[in-house]
Number of protein chains: 4
Amino acid sequence: MKAEERKQMILDCSKKLFSKHGYYNTQISDIVKSANIARGTIYQYFSNKDDIFISLLEAGYDEWKNTISAEIEGVDLLKLEPKEYLSLRIKNSLSYFAKDPEMSNLILRMGYGLPENLVKTINRLDEEIIAQITDEITYGKETNILRKDLNVELAANFLIGAILRIAYHYFVKNVTKNKKDDINKITDEIVSMMTTGIFAS
Amino acid sequence: MKAEERKQMILDCSKKLFSKHGYYNTQISDIVKSANIARGTIYQYFSNKDDIFISLLEAGYDEWKNTISAEIEGVDLLKLEPKEYLSLRIKNSLSYFAKDPEMSNLILRMGYGLPENLVKTINRLDEEIIAQITDEITYGKETNILRKDLNVELAANFLIGAILRIAYHYFVKNVTKNKKDDINKITDEIVSMMTTGIFAS
Amino acid sequence: MKAEERKQMILDCSKKLFSKHGYYNTQISDIVKSANIARGTIYQYFSNKDDIFISLLEAGYDEWKNTISAEIEGVDLLKLEPKEYLSLRIKNSLSYFAKDPEMSNLILRMGYGLPENLVKTINRLDEEIIAQITDEITYGKETNILRKDLNVELAANFLIGAILRIAYHYFVKNVTKNKKDDINKITDEIVSMMTTGIFAS
Amino acid sequence: MKAEERKQMILDCSKKLFSKHGYYNTQISDIVKSANIARGTIYQYFSNKDDIFISLLEAGYDEWKNTISAEIEGVDLLKLEPKEYLSLRIKNSLSYFAKDPEMSNLILRMGYGLPENLVKTINRLDEEIIAQITDEITYGKETNILRKDLNVELAANFLIGAILRIAYHYFVKNVTKNKKDDINKITDEIVSMMTTGIFAS
DNA sequence: TATGAATGAGCATTCATTCAT
DNA sequence: TATGAATGAATGCTCATTCAT
C-alpha cells in the first residue's frame, strides 16, 4: 500500500471512531486496531492525536466549502432568481452533510468529546427545549398566527439553531459592552427576518 | 458556611473552570483549588465529576426555561401582536444568555470538552465559513438582491446557525432514508421562511 | 443507652459486617450506618478500625477458650475414659463454632480481608484439592484399604486441615533448617496417628 | 528479556511481596519498583492487581496438585502397603510446601490480606489456643493416657488444624440445619479416627 | 458525649508517545 | 518504513480520622 493510501486509510478509520465515540473516548490503540497497523506506525503519518483530528476537520471543512462553491461555478449569480440562488446554496450545504454523516457529526454536533452519559443528558435537555418551542409553534398554527403550512419540527430547529448561534456569537465569543441595546437590536432584526425575510422587496 | 452555600460555591467555581477549559481539561484538583476546599470535600456534595457537570447543565437549562416562561406570565398571548410575541420570546432567551456568559458557553459552544488547540482550529475553520457567507450577503446587498438594512454579521450567523442545526437534526441525529427528497423539501421550507417569514399573512 | 451497651452494639454490627465482607471491604461508614450512630461517635469507643476488629477477635477467642474449659470444670479428668475426654473437648469447640457462625467466620476462614473475586478463586481452588482427596478416600474404601464406615467428606477435611496446618506451622511460620529430615519425621508421625491413633494402647 | 521471562519475573516479585505484606499492603508501585520496570509495563502483562494475585494462586495450586500426582505415577497403588501409600501422599504435599515457603504462605496462611498488626494479634491468639492444647497433650502423656512417643507440638497442630477445618466446613461454609446431631456425629468420627485410625483393620 | 462536615494522603489504572530492533 | 514493548505522568476517587460545634 502506498504511503498516501495508508494515510487516507488511517484518516477514514479515525473519522469513524471519532464520530462514534468522540475525541477523548477514541484511543490511539482503537485507531491502530481498526486500521490494522502497529502502534508506532501512526506516528509516521501524523505527529500526534490532535494532528489526526485536525486533519479530518480541515479536510471536512474544505470539502464543505468546495461543495458549496463547486456547483455554483458556471452559474451567473445575477441571472438567477434570488430565491433560486438561496435555494441552491442551502441545498448544496445540506447535500454535503447528508452525504457524509460521520464527518457531519464531527463538524456539527455539540459536546463531542464528552463522556457518553453527559452527551445523553445534553440531548435530553435539548429535547425538552425543542419540545417547548414545538408546542408553541403548533399553538401558533392552530390560532392562525403562524402559517398553516409551516413544518413545525423544521421551524423549531431552524429558530433554535439561529438564535443559539447568535447568542453564542454575540454574548459568549464577542462579549459586547452594551448588552441591553444589543439585545433589542438583535431581536428586532431576527423578528424582521422571520417576518418579511431577507430579500429586498 | 452552610451546606447549600458551599455546594453552590463549588458549582460556581466549576462553572468558571468548565466554561474556560472544557470538561476534560478541568481537573477535580483545579476545582478544589479554586474553591479552596479539600480534595475529598467535593465528594460530600457530588458523587463524581460528571455529577458536577450535569448539575450545572440541569440548573442552566432550568433557568433558561424559567427565564423564557417567567416573563410571559400575566401576558395574554392572544392579545399580543404576533410579532411582539415572537420578539418577547427571543428577547428573553437572549437576555438569559447575555446575563451569564459562562453558563451560555456550557450550553451553546460546540466542541466543549476538546483540547484547547482543537477548539482554536475549529474556531478558525468556522470563521472561514462565516466569512464566505458574509461576503455573499454583502454582495447580495450591493446588488440589491437583499434588503439594504440587513445586518450582515447577524444574518450570516442566523443562517448558518439555522442550517447547521437542521443538518444535524435531519442527517446526523435522525438519519432519514430518502435524503434527496428531504433535502429538497427542507430547502424549500427554509427559503420560504427566509422569504415571507413564518407568519400567516 | 448506656455506654457499655452502645459499645457492644457497635461490636455486634461490626461483627456482622466484617464477617460478611471482610476487613477491608467493611468501611467505618458501613458500621456507623448499621449502628445508627454518627461517624465520630465510633471513635469515642474505639481508637480506630483495627481496634474494633481486634476487640472482636479477642472476645471471640476468649469465649472459645471459656467454652472449652467451662464445661470441664467439675469433671475429674482422670476419672473420664480417655476417649470420652477427647470427645468432650472436641464437642465443646464444635459447639462454640456452630453457635456463632459469624464469629467463627472471623476466626476460621482463610483469606478474609481479600476482595470478593479473590475469595471466590481461592474457594474454587480449594474445592478442587478437596475433590481430589475425596476421590482417593472413596477409592480406598472401595478397595478395602480404608474403613468402610469412614465419612469421606469429613475425613477429607480432617486430613487436609491437619496437614495444611502442619505445613504452615513447620514450613512457613517456623522455617526449619533440615527440611528433609523434618518431612520424613512429620510424615511418619501423621501416618502413625492416622493408623493407631493418639492413645496409649 | 523475553516476554514470558518478564511476566515470570513480575510474578516472582509479586509473590515475594504479597507473601510478605499481604494483598492490600502490596502496592502496584512496590511491585514495579521491585521488578525494576515502569508503572505501565505491568499492565501489559496483567489486566489488574487481582489478575496478578490470581495468576500466582492458580500456578501455586497447579504445582501443588502436580507435585502430589507426579511422583505417584508408575507406582501401583494396590501394590503399596496402605501406610506407605498414605505416607507417600503426605510427604509429597509437605515437600511442596517446604520447597516454596512464599507460595505456601499465600496458600496456607489465615488472614492474609489483613494489616500487619491484625495478623500479629491473630497469631498471638492462635498461639494461646495451641498452648492450651499443648499443655493438655503433655498432661495426657504424663498420665499415660496418650502415647509416650507422641510429638506434642505436632499433635497439637494436627488436631487444631483438623478441627478448625471441619468447623469451618460444616458450620460456616455449609450451614446445616440440625447442628446438634451433626456435632455429635462429627465428634464421634473424629474420635474414632484419632483412636483406631482410618485404615481397615 | 454526640455529631458529621472536612480533611488529604494514598492508589489503581489509563494512554499518548517513544525508540530500539 | 514498520513494529510493539516500554514508558511514566496524570487523574478520579476512597476512606480512616479529626475537630469545631
Side-chain angles (χ1 to χ4, degrees), chain A residues 1-3 6 23-33 35-52 115, chain B residues 1-3 6-7 10 23-33 35-52 115, chain C residues 1-3 6-7 23-33 35-52 115, chain D residues 1-3 6-7 10 24-33 35-52 115:
Chain A
M1 193 185 286
K2 291 279 166 55
R6 183 164 286 222
Y23 178 80
Y24 277 103
N25 285 324
T26 299
Q27 270 68 260
I28 290 290
S29 60
D30 297 328
I31 297 175
V32 300
K33 217 177 290 163
N36 208 29
I37 55 173
R39 213 174 179 65
T41 306
I42 213 165
Y43 289 91
Q44 305 252 340
Y45 296 93
F46 300 94
S47 53
N48 53 34
K49 192 181 167 184
D50 285 12
D51 190 24
I52 304 174
Chain B
M1 193 184 287
K2 290 277 167 56
R6 185 164 286 230
K7 185 168 185 177
I10 294 172
Y23 178 79
Y24 277 104
N25 283 323
T26 300
Q27 270 68 257
I28 290 290
S29 59
D30 297 330
I31 297 175
V32 300
K33 217 177 291 162
N36 207 30
I37 55 174
R39 216 176 176 64
T41 305
I42 213 164
Y43 290 93
Q44 295 234 328
Y45 296 93
F46 300 95
S47 51
N48 52 35
K49 192 180 166 185
D50 285 13
D51 190 24
I52 305 174
Chain C
M1 192 185 288
K2 290 279 166 55
R6 183 165 288 222
K7 184 169 185 176
Y23 178 79
Y24 277 103
N25 285 324
T26 300
Q27 269 69 262
I28 291 289
S29 60
D30 296 329
I31 298 175
V32 299
K33 219 178 289 165
N36 208 30
I37 55 172
R39 213 175 178 66
T41 306
I42 213 164
Y43 290 92
Q44 304 254 338
Y45 296 92
F46 300 95
S47 54
N48 52 35
K49 192 181 167 184
D50 286 11
D51 189 24
I52 305 174
Chain D
M1 193 184 286
K2 290 277 167 56
R6 184 164 286 229
K7 185 168 185 175
I10 294 172
Y24 278 103
N25 284 323
T26 300
Q27 270 68 256
I28 290 291
S29 60
D30 297 329
I31 297 175
V32 299
K33 218 178 288 164
N36 206 29
I37 55 174
R39 217 173 175 65
T41 305
I42 214 164
Y43 289 93
Q44 296 234 328
Y45 296 93
F46 301 95
S47 52
N48 52 37
K49 193 180 165 184
D50 284 13
D51 190 26
I52 304 174

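Chain identifiers are assigned alphabetically (A, B, ...) following the order of the sequence lines, protein sequences preceding nucleic acid strands; residue numbering begins at 1 within each chain. We use all heavy atoms of the structure for the numbers below, so side chains are in, but hydrogens, waters and symmetry mates are not.
Nearest to the side chain of D:Ala38, among F:dT7, E:dA5, E:dT1, sits F:dT7. Comparing E:dA2, E:dG4, F:dT3 by their closest approach to the side chain of C:Arg6 singles out E:dA2. Nearest nucleotide to the side chain of D:Gln27, out of E:dA12, E:dA16, E:dA6: E:dA12. You'll find that the side chain of C:Thr41 is closest to E:dA2, out of F:dA6, F:dG12, E:dA2.
Rounding to whole angstrom units, CZ of residue B:Phe46 and P of E:dA5 are separated by 14 Å. What separates CD1 of B:Ile37 from P of E:dG4 is a distance of 20 Å, to the nearest Å. Rounded to an integer number of Å, the gap from NZ of C:Lys33 to C1' of E:dG4 is 13 Å. Between the OH atom of A:Tyr23 and the C1' atom of E:dC15 there is a distance of 11 Å, given to the nearest Å. Protein atom CD1 of C:Ile31 is 13 Å distant from nucleotide atom C1' of F:dT17, rounded to whole Å. Between the CG atom of C:Asp51 and the P atom of F:dT18 there is a distance of 13 Å, rounded to whole Å. Across the protein-nucleic acid pair, A:Ile52 atom CD1 and E:dT17 atom C1' stand 12 Å apart, rounded to whole Å. Per the geometry, OH belonging to B:Tyr24 stands 13 Å off P belonging to F:dT11, to the nearest Å.
Using a 4.5 Å heavy-atom cutoff, the side chains of C:Val32 and C:Thr41 are not in contact. Using a 4.5 Å heavy-atom cutoff, the side chains of C:Ile52 and C:Tyr45 are not in contact.
C:Ile28 contributes atom CD1, which lies 12.5 Å from atom NZ of C:Lys33 (distance to the nearest 0.5 angstrom).
Residue D:Ile42 comes nearest to D:Ile37 through the heavy atom pair N-CD1, 4.2 Å, listed as atom of the first residue, atom of the second, then distance. When all heavy atoms of C:Asn25 and C:Asp30 are compared, the pair lying nearest together is O-OD2, 4.0 Å. Between A:Gln27 and A:Tyr24, the shortest heavy-atom contact is OE1-O, 2.8 Å. Heavy-atom minimum distance, B:Tyr23 versus B:Lys49: O-NZ, 3.0 Å.
Closest-nucleotide positions on DNA chain F for D:Ile42 and C:Ser29 were compared, and the one nearer the 5' end corresponds to D:Ile42. The 5' end of DNA chain E is approached more closely, in terms of each residue's nearest nucleotide, by B:Gln44 than by the other of B:Gln44 and D:Ser47. Residues C:Ile28 and B:Asn48 each lie close to DNA chain F; by heavy-atom proximity, the contact nearer the 5' end of the strand is made by B:Asn48.
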**Asked** When Watson-Crick pairs (N1 to N3 and N6-O4 or O6-N4) and G-U wobble pairs (N1-O2 and O6-N3) count only below 3.5 Å on both distances, what is the dot-bracket string of DNA chain F, with | for other-strand pairs?
**Response** .||||||||||||||||||||
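For E:dT17, the base has a donor-acceptor partner in the side chain of A:Arg39 [N/O atoms by modelled type, under 3.5 angstrom].
Listed pair A:Tyr45 / F:dA2 meets the phosphate criterion, a side-chain N or O lying under 4.0 Å from OP1 or OP2.
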Taking only nitrogen or oxygen atoms into account, show me every contact under 3.5 Å that the protein makes with nucleotides 19-21 of chain F, one pair per line with its distance.
none

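B:Asp51 places no side-chain N or O within 3.5 Å of a backbone atom of B:Asn48 that could act as its donor or acceptor partner.
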